[in-house]
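In listed order, ligands and their atoms are each counted from 1. Please read all numbers here as calculations on a predicted model, not as lab measurements. FYI, the numbering just counts along the sequence from 1.
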Amino acid sequence: MHNPKEVAGRRAAEFVESGMRVGLGTGSTVHFTLLRLAERMAEGLKIVGVPTSIDTQNKARALGIPLADLESVEALDLTIDGADEIDGRFDMIKGGGGALLREKVVASITRRQIAIVGADKVVARLGAFPLPVEVVPFALAVIRRALERKGAGVVPRLGKDGNPYVTDNGNRILDCRFPGGIGDPGALEAELDRLPGIVETGLFVGLAHTLVIGHEDGRAEVRHRS
Ligand code: 5RP
């Protein structure tokens with residue numbers, strides 16, 4: 001039996017070509033992409049990466065992947081990133097790993113966004129996975145109440161040490177369950193973006209172009225958005 005995350009992560013690295021500026025996502029699936037990119041670099045591949053989190057920055061540095069920041073890079077050829085859920089239109093919930101804000105900024109300047117997931121994350125309707133919402137600390141109680149008024153079950157995220165989870169940007173995360181799931185991801189994203197205090201939501205709508213699904217039998221299935 002194969003690890004679906006490894007299957008998807010390694011397959012996506014094959015889309016990378018020499019000379020590309022590549023957005024490097026965050027999480028355990030991207031971990032395998034980074035390993036494969038390092039292998040390919042040892043064979044001559046030359047790229048510059050832009051990491052979406054401090055965790056990915058550290059991993060990429062340890063693997064010898066050259067990095068740049070957004071001061072020097074205006075646009076990215078390709079970004080490879082995981083997802084917590086993805087539907088048939090390639091709309092996604094992201095942010096399980098807490099990197100949603102930087103991931104969305106990087107996605108916004110990317111020509112081709114590749115989502116990499118194990119088959120269990122492909123869903124008909126988003127929302128079984130709680131939606132991460134990044135909030136400035138000052139507004140936490142305000143936003144929590146506003147989300148609850150919209151019917152969401154809201155859980156402030158805690159870190160492994162039991163203290164409030166703090167993002168790379170110094171913010172907090174509220175994990176939100178919407179009963180019955182999320183019928184219209186674009187409308188919900190727009191609605192939440194209007195609340196002062198929310199920095200970003202984990203709804204990624206219309207951003208992914210290609211989906212790589214890893215299967216336990218070792219197959220990597222590649223789908224393109226129509
Ligand atoms: C981090 C993310 C990750 O891409 C998402 O949580 C999937 O992670 P993993 O590959 O570990 O399952 O959005 O903010």
Side-chain angles (χ1 to χ4, degrees), residues 2-13 15 22-37 49-60 63 76 78-87 90-108 110 112-123 126-135 155-160 164-177 182 185 189 192 198-216 220-221:
H2 296 258
N3 175 354
K5 293 187 180 201
E6 181 169 8
V7 172
R10 287 182 68 85
R11 173 66 183 86
F15 288 100
V22 182
L24 305 172
T26 295
S28 54
T29 316
V30 166
H31 167 78
F32 293 106
T33 303
L34 298 176
L35 293 180
R36 181 66 190 129
L37 286 175
V50 172
T52 54
S53 61
I54 293 171
D55 182 55
T56 293
Q57 179 178 301
N58 292 338
K59 284 178 178 163
L63 288 165
L76 293 158
L78 198 74
T79 290
I80 300 173
D81 201 355
D84 299 298
E85 280 182 348
I86 185 161
D87 69 14
F90 292 8
D91 292 341
M92 300 181 275
I93 287 183
K94 288 182 49 53
L100 59 152
L101 175 57
R102 295 190 188 192
E103 289 173 334
K104 205 183 274 191
V105 171
V106 166
S108 75
T110 291
R112 183 180 184 190
Q113 180 87 12
I114 303 181
I116 50 174
V117 296
D120 58 314
K121 292 183 173 183
V122 182
V123 298
L126 298 179
F129 190 93
L131 175 68
V133 175
E134 183 160 346
V135 179
V155 177
R157 190 179 295 187
L158 300 179
K160 286 193 187 107
Y165 179 85
V166 179
T167 69
D168 287 351
N169 319 297
N171 297 315
R172 302 285 177 77
I173 289 186
L174 297 174
D175 289 307
C176 305
R177 266 185 206 284
I182 298 170
E189 185 192 22
L192 298 183
I198 290 183
V199 186
E200 198 47 85
T201 80
L203 283 167
F204 282 51
V205 177
L207 289 172
H209 305 95
T210 301
L211 168 61
V212 181
I213 305 169
H215 293 274
E216 284 183 347
E221 185 186 339

Ligand 1 atoms in contact with [X] (distance to a heavy atom under 4.0 Å):
{"X": "A99", "result": "14 (O)"}
{"X": "G82", "result": "4 (O)"}
{"X": "D81", "result": "4 (O)"}
{"X": "K5", "result": "9 (P), 11 (O), 12 (O)"}
{"X": "G96", "result": "6 (O)"}

Side-chain donor or acceptor of [X] paired with backbone N/O of [Y] under 3.5 Å:
{"X": "E189", "Y": "T201", "value": "no"}
{"X": "E85", "Y": "G127", "value": "yes"}
{"X": "K5", "Y": "F32", "value": "no"}
{"X": "D168", "Y": "S53", "value": "no"}
{"X": "N169", "Y": "N171", "value": "no"}
{"X": "R157", "Y": "G96", "value": "yes"}
{"X": "R112", "Y": "T79", "value": "no"}
{"X": "D55", "Y": "G27", "value": "no"}

Taking distance alone, with N or O pairs closer than 3.5 Å, would you say G27 contacts ligand 1?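 Such a contact does not occur with ligand 1.
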
Taking [atom] as the reference point, the nearest protein heavy atom with its distance:
{"atom": "atom 10 (O) of ligand 1", "answer": "T29 OG1, 2.5 Å"}
{"atom": "atom 3 (C) of ligand 1", "answer": "T26 O, 3.3 Å"}
{"atom": "atom 5 (C) of ligand 1", "answer": "D84 OD1, 3.3 Å"}
{"atom": "atom 13 (O) of ligand 1", "answer": "G95 N, 2.8 Å"}
{"atom": "atom 9 (P) of ligand 1", "answer": "S28 OG, 3.3 Å"}
{"atom": "atom 2 (C) of ligand 1", "answer": "E103 OE2, 3.3 Å"}

Residues E134 and K104 bridged, charged N to O under 4.0 Å: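 Salt bridge between E134 and K104, a charged N being under 4.0 Å from a carboxylate O: no.
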
Option passing side-chain contact (heavy atoms from CB on, under 4.5 Å) with K59 (candidates L34, L24, V30, T26):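 It is L34; the other options fail the test.
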
Can a non-hydrogen atom of K121 be found less than 4.0 Å from any atom of ligand 1?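 K121: in contact with ligand 1 (<4.0 Å).
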
Does G25 have a non-hydrogen atom less than 4.0 Å from ligand 1?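 Outside the 4.0 Å threshold, so no.
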
With backbone taken as N, CA, C and O and side chain as the heavy atoms from C-beta onward, which portion of P132 lies under 4.0 Å from ligand 1: side chain, backbone, both, or neither?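 P132 to ligand 1: no contact under 4.0 Å from either part.
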
